[in-house]
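Taking it in order: structure first as structure tokens, then the write-up.
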Amino acid sequence: MPLTKGSEGLRLVLRTFTRGHHSVGIVGAPSWKGQPRAGVEEGPDLIRGAGLVEKLKGQGCTVKDYGNVPFDEVASDEPVHGVKRPRAVGRANEQLSNAVARVKRDGHTSVMLGGDHSLAIGSIHGHASCRGELSVVWVDAHADINTPLTSPTGNIHGQPMSYLIHELHSKIPTIPNFSWLTPCVRAKDLVYIGLRDVDPGEHFILKNLNIKMFSMTEVDRLGIAKVMEQTCDHLFSRGKKPIHLSYDIDALDPSIAPATGTPVTGGLTYREGIYITELICQTGLLSAVDMVEVNPKRGGSDAEISSTVTTAVDLLLGCFGRVREGSHPPDYHVPKP
């Protein structure tokens, strides 16, 4: 029988999910080539340096750190179809896809530490290559679903979802070092949370494909609990597929996470950001996580860098069972593990 809010049984089930054992495999992806601002390649080691592995182990997780992917250098990388540094980004994502696939074959929940958000191409592709059809929850100020032909900048960190979605395959021109990539996500299996800076071409794509999305206006109107309830209802109505959570630190308000390349005011609060990870954890379906766009060179002070990195660690801890005491169970049916 389904469990409802207020049921002691639901509290017990959620406590089991929350405090259950998690096996985590960490892959660092120190690449900045999907956007113009150097520094984001330092993100993986900064997040590790803030105690991620030790803190995950402290809350009962088994952790294997696979280290950083040794990305190949690309000497000549002129734009193609307006896309900047396509060869470096394409090759890096192919290498990352293989690294994430290894983590999944070893039986872990993958954690990819970026690097910029173009790296979600390889992370999601590698995940799907092992697990088949996925649900993707994309937490970000930006939709990152421009195609090369709609992108106003040519930066691939604003395009990764368009390369991954089946329905946009015909809109992606031939680009060097991307021949290995095939689409692996259906538009109906994607949910956006936190949007507040979306390009005109992206608006058209989102509406045309009827992609589920929650802008910050909707987060304000509904509240984060209702947003997550509707997110889970949407995903579960299409079957209980493994969840890939792709989390851009700029989804949070810059007052909390200022050390990032494209901050946008009016973002998620710390509590809202953490709540998202807690609820995804409690579904029992989380299979991979990206944490991207932490850039210490964009922080104005040591305090701003520390705040951003610490928040990234806290978000990841929320993905793997850390809960705030006194939190209430969500108002949706929890799938059986």
Side-chain angles (χ1 to χ4, degrees), residues 31 33-35 74 77-98 100-101 116-140 142-193 195 197-215 234-235 237-239 241-244 246 248 288 290 292:
S31 175
K33 299 295 182 67
Q35 49 85 63
V74 176
D77 206 1
E78 294 302 312
V80 177
H81 299 293
V83 175
K84 297 175 180 175
R85 292 175 289 276
R87 298 163 189 84
V89 176
R91 178 57 181 150
N93 274 291
E94 183 179 12
Q95 291 178 269
L96 178 59
S97 176
N98 292 332
V100 169
D116 70 71
H117 217 164
S118 70
L119 295 157
I121 296 171
S123 181
I124 292 174
H125 181 272
H127 185 190
S129 71
C130 293
R131 296 300 305 273
E133 291 191 355
L134 306 173
S135 295
V136 176
V137 179
W138 194 276
V139 186
D140 201 328
H142 312 88
D144 294 348
I145 200 169
N146 274 301
T147 69
L149 303 181
T150 67
S151 172
T153 66
N155 296 321
I156 302 182
H157 80 153
Q159 305 174 31
M161 276 313 309
S162 73
Y163 293 71
L164 294 163
I165 291 181
H166 288 280
E167 291 86 344
L168 291 175
H169 184 54
S170 64
K171 306 298 182 183
I172 307 300
T174 300
I175 300 172
N177 286 4
F178 278 88
S179 60
W180 59 274
L181 178 64
T182 54
C184 54
V185 178
R186 300 285 177 187
K188 63 183 175 60
D189 294 322
L190 170 63
V191 178
Y192 283 102
I193 301 173
L195 297 180
D197 185 11
V198 180
D199 294 324
E202 293 178 307
H203 273 293
F204 177 81
I205 291 168
L206 292 169
K207 294 295 185 182
N208 189 51
L209 297 184
N210 195 31
I211 292 173
K212 187 73 170 176
M213 55 182 173
F214 297 94
S215 68
H234 176 81
L235 296 179
S237 70
R238 287 152 177 79
K241 301 172 185 176
I243 293 175
H244 190 111
S246 199
D248 190 320
D290 307 325
V292 299

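Throughout, residue positions are numbered sequentially from 1 according to the sequence presented.
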Practice task
Give a yes or no answer on whether the side chain of E167 reaches the backbone of R186 with a donor-acceptor pair at less than 3.5 Å.
Solution key: no

Exercise for the section: For K84 and T153, indicate whether the former's side chain and the latter's backbone hold a donor-acceptor pair under 3.5 Å. Expected result: yes

Practice task
Using a 4.5 Å cut-off on heavy atoms from C-beta on, say whether the side chain of S118 contacts that of K33.
Solution key: no

Handout entry: Heavy-atom side-chain contact between S135 and H234 under 4.5 Å
Key = no

Handout entry: Separation between NZ of K188 and CD1 of I165, rounded to the nearest 0.5 Å
Key = 12.0 Å

Problem - Non-hydrogen side-chain atoms of N155 and D116 separated by less than 4.5 Å - result: no

Problem - Side-chain heavy atoms of S246 within contact of D140, under 4.5 Å - result: no

Practice task
For the residue pair L119 and S31, establish whether any side-chain heavy-atom pair is separated by less than 4.5 Å.
Solution key: yes

Handout entry: Separation of L235 CG from K212 NZ (nearest 0.5 Å)
Key = 10.0 Å

Handout entry: I121 side, atom CD1; M161 side, atom CE - distance, nearest 0.5 Å
Key = 9.5 Å

Problem - Any side-chain donor near an acceptor of the partner, D199 and H142, under 3.5 Å - result: no

Handout entry: Rounded distance [0.5 Å steps], CD in E202 versus CD1 in I211
Key = 10.0 Å

Handout entry: Close side-chain approach of F178 to V80, heavy-atom, < 4.5 Å
Key = no

Problem - side chain to side chain contact (heavy atoms under 4.5 Å, CB included) against H203, all qualifying residues, sequence neighbours excluded - result: V198

Exercise for the section: Sequence neighbours left out, what passes side chain to side chain contact (heavy atoms under 4.5 Å, CB included) with T182? Give chain and number order. Expected result: H125

Exercise for the section: Of all the heavy-atom pairs spanning W180 and S97, show the shortest one and how long it is. Expected result: CZ3-CB, 4.1 Å

Completion exercise
In K241, H244, H166, the residue satisfying side chain to side chain donor-acceptor pair (under 3.5 Å) with D189 is K241

Exercise for the section: Check whether any side-chain N or O of W138 sits under 3.5 Å from a backbone N or O of D248 as a donor-acceptor pair, and report yes or no. Expected result: no

Problem - Test applied, side chain to side chain contact (heavy atoms under 4.5 Å, CB included); reference residue, M213; option that passes from I193, V191, L206 - result: L206

Practice task
Report yes if some heavy atom in the side chain of I124 is under 4.5 Å from a heavy atom in the side chain of V136; otherwise report no.
Solution key: yes

Exercise for the section: Would you check if the side chain of S123 reaches a backbone N or O of A120 as a donor-acceptor pair within less than 3.5 Å? Expected result: no

Handout entry: For Y192, side-chain hydrogen bond (donor to acceptor under 3.5 Å, both in side chains) partners two or more places apart
Key = none

Exercise for the section: Compare all side-chain heavy atoms of N93 with those of Y163 and state whether any distance is below 4.5 angstrom. Expected result: no

Problem - Salt bridge D77-R85, side-chain N to carboxylate O under 4.0 Å - result: no

